[in-house]
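Chain naming here is simple, since letters A, B, ... match the order of the sequence lines and numbering starts at 1 in each.
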Protein chains: 2
Amino acid sequence: MNALIDILRKNGIQPTPQRLEVAKFVLATQSHPTADQVLKEVLKRCPTVSRATVYNTLNLLVDKGLIASRTLKEGAVVFDPRTQRHHHLIDTETGIIHDIPWESVDVREPEICEGFEVEDYHVVLRGRKK
Amino acid sequence: MNALIDILRKNGIQPTPQRLEVAKFVLATQSHPTADQVLKEVLKRCPTVSRATVYNTLNLLVDKGLIASRTLKEGAVVFDPRTQRHHHLIDTETGIIHDIPWESVDVREPEICEGFEVEDYHVVLRGRKK
DNA sequence: CATGCAGTCTAGACTAGTTCTAAACTGGGA
DNA sequence: TCCCAGTTTAGAACTAGTCTAGACTGCATG
């Protein structure tokens, strides 16, 4: 928990009990929660936290680069503590998002986009359990 | 226009003036409009059309495979009449989505996803004008 | 010890995208 | 002509997310 406080401090985020609860959950999650799922989780431990605080904290963590926000699901942004480059596989039956290691997909660095400087790219796969 | 009526009929969609206006615009567009942008365009020619009809028609066209709905923009689904496989480049400054031909990016068919059958995949690139 | 102040938190209002609902409309058969 | 299935409409409802105004916190100062 002290480690967590340090992480926030080092990134210029003043630690508060609410922010710690949000960070604790979202930095450790193995899934890709929406803001509402984070809120539900945090409410279990901190029943008075408000939605605004959860949204503010998530946006703060994104601004500081501690988590990433991704537009993969229809209807809601999801948050992802794995900020290194990787790909995503979306289960078309359950909607669950899985991480795919960067090296698992071989993409030839695309320089093909006339007039554009590509800053980033990743592959979005869709599939279902065999 | 008769060609359009045929397309709808062949796909089991009863043609109505409202549906024809929606289809005419969304099947011919070079961009990736949101439902609201389609509504605005259709209102120019058919000022009494309702939002619900535009949404219903777009969803109908998606169900029949005549257009695709894509989750690329934060906050709103976009529609795309180009249903063949291709990639997308999102301009990080303007938010404009560009199509990238399938052959322009060389992805080694990923079979790496243990336990999953990949049905589809595409590359999402982000960049800015040089 | 009181005061002030910057930063934070909360509840609830607000906005935008999308779906739902109930009632009115339309147009081809019996 | 009447009916019925399918369609359209306006507006309500719902959901994700942001904004706002006021209350709270805790440190620094007099």
Before you tell me yes or no, could you show the steps for A:Asp99 and A:His87 under side-chain hydrogen bond (donor to acceptor under 3.5 Å, both in side chains), namely the whole-Å CA-CA distance, both residues' side-chain angles and the distance that decides it to 0.1 Å? CA-CA 6 Å; A:Asp99 290 317; A:His87 308 290; over 6 Å; no
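Atom CG in A:Leu60 sits roughly 15 Å away from atom C1' in D:dT18 (whole-Å rounding). For A:Arg70 and D:dA16, the CZ to P distance is 20 Å, given to the nearest whole Å. Nucleotide D:dG17 holds its C1' atom 12 Å from the CG atom of A:Leu58, rounded to whole Å. Note: CD (B:Glu74) to P (C:dG17) measures 12 Å, nearest angstrom. The CD atom of A:Gln18 sits 9 Å away from the C1' atom of C:dT10 (whole-angstrom rounding). Between the P atom of D:dG26 and the CZ atom of A:Arg19 lies a distance of 14 Å, rounded to the nearest Å. To the nearest angstrom, P of C:dA6 lies 22 Å from CD1 of A:Ile13. Atom C1' of nucleotide C:dT8 and atom CG of A:Leu8 are separated by 14 Å, given to the nearest angstrom.
OP1 or OP2 of D:dT18 lies within a sub-4.0 Å distance of a side-chain N or O belonging to A:Asn59. OP1 or OP2 of C:dG7 has not a single side-chain nitrogen or oxygen of A:Gln14 nearer than 4.0 Å. In terms of phosphate contacts, A:Ser50 brings no side-chain nitrogen or oxygen within less than 4.0 Å of OP1 or OP2 of C:dC9. The phosphate of D:dA16 has neither OP1 nor OP2 within less than 4.0 Å of any side-chain N or O from A:Thr34. Neither OP1 nor OP2 of D:dG6 sits under 4.0 Å from any side-chain N or O of B:Thr16. Side-chain N/O atoms of A:Tyr55 include one lying less than 4.0 angstrom from OP1 or OP2 on D:dG17.
In this structure, B:Arg51 reaches the bases: a heavy-atom distance under 4.0 Å links it to at least one base atom across the strands shown. As judged by a 4.0 angstrom heavy-atom cut-off over every strand, B:Ala52 is placed among the base-contacting residues.
Judged purely by distance below 3.5 Å, without hydrogens or angles, the side chains of A:Asp80 and A:His86 pair a donor atom with an acceptor atom.
Without hydrogens or angle criteria, B:Thr92 side chain to B:Gly127 main chain gives a donor-acceptor distance under 3.5 Å.
Ion pair A:Lys129/A:Glu93 not flagged as a salt bridge, since none of the NZ, NE, NH1 or NH2 atoms sits closer than 4.0 Å to an Asp/Glu carboxylate oxygen.
Aromatic rings of A:Phe116 and B:His98 (six-membered ring for Trp) have centroids within the 6.0 Å cut-off, being under it.
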